[in-house]
Structures are given as C-alpha cells and as structure tokens.
Amino acid sequence: VGCGVAILKAALASGSLNVMINLNSIKDKAFVEASEKQMNSLLKEGSQIADDTLQLVVSKLRKQSS
C-alpha cells in the first residue's frame, strides 16, 4: 500500500503537468480557469489522501518493528 501511495503521488503530479501543458494551447480563458481550478482541487485532495494513507502505513509498520 505504501509503495502504491508513492506511485499515486507521482501520477497526480505528472497528470497535473499534462493538464497544464494542454491548457496552454487553449484560448478559452473561462475554460482554462475552470479546468485549472478543478485540477488544483483534485490535486490537493488526492495528495492529502495519499499523505494520510502513507502516514497510516508508516505508523503501522513502525508498530510492527517495535
């Protein structure tokens, strides 16, 4: 699970970079702004879930090694 969460964070970051690259070629400012807002929200939420999950995994692993 911990390794999957680390990969998830990388996927979130690379996905957001892909969105940014593609938005640069779109001239509809309202669409670009709405898309950036949604992307930022999803990135923040996904990153928080990943961080929380990783923290839980680490705490479980530390308890097992004590």
Side-chain angles (χ1 to χ4, degrees):
V1 172
C3 293
V5 169
I7 293 168
L8 169 64
K9 284 202 73 169
L12 287 167
S14 61
S16 67
L17 292 171
N18 189 42
V19 170
M20 286 184 244
I21 288 167
N22 290 318
L23 289 178
N24 283 332
S25 64
I26 298 175
K27 298 193 185 321
D28 182 341
K29 288 186 179 187
F31 177 81
V32 169
E33 288 177 7
S35 296
E36 285 177 338
K37 183 177 179 181
Q38 184 178 21
M39 177 197 66
N40 289 331
S41 175
L42 291 169
L43 183 59
K44 181 178 179 182
E45 181 182 2
S47 293
Q48 187 61 56
I49 291 168
D51 290 343
D52 292 346
T53 304
L54 185 59
Q55 185 176 14
L56 179 61
V57 169
V58 169
S59 72
K60 298 270 185 193
L61 291 173
R62 285 195 172 135
K63 285 181 185 177
Q64 289 180 3
S65 65
S66 297

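Note that the coordinates shown come from a computational prediction; the quantities given were computed from them, not determined experimentally.
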Atom pairs and distances, side-chain donor-acceptor, residues 25-33, under 3.5 Å, sequence neighbours left out:
unit_1, atom_1, unit_2, atom_2, d
Ser25, OG, Asn22, O, 2.9
Asp28, OD1, Ala30, N, 3.2
Asp28, OD1, Phe31, N, 3.1

Less than 3.5 Å apart, which donor and acceptor atoms pair up between the side chains of residues 38-47 and the rest of the protein, not counting sequence neighbours?
unit_1, atom_1, unit_2, atom_2, d
Asn40, ND2, Glu36, O, 3.1
Ser47, OG, Leu43, O, 2.8

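- Val19 and Ile21 fall into different hydrophobic clusters, where Ile, Leu, Val, Met, Phe, Trp and Tyr are joined by side-chain heavy atoms under 4.5 Å apart, directly or via other members.
- The line from CG of Asp51 to CG of Leu56 is 12.5 Å long, rounded to the nearest 0.5 Å.
- Checking Val1, Asp52, Val5 one by one against Val57, the side-chain contact (heavy atoms from CB on, under 4.5 Å) holds for a single residue, Val1.
- Residues Leu23 and Ser35 come closest through the heavy atom pair CD2-CB, 3.8 Å.
- Taking hydrophobic clusters as Ile, Leu, Val, Met, Phe, Trp and Tyr residues chained together by side-chain heavy-atom distances below 4.5 Å, Ile7 does not share a cluster with Leu12.
- In terms of heavy-atom proximity, Ala50 sits nearest to Leu8 at CB-CD2, 4.0 Å.
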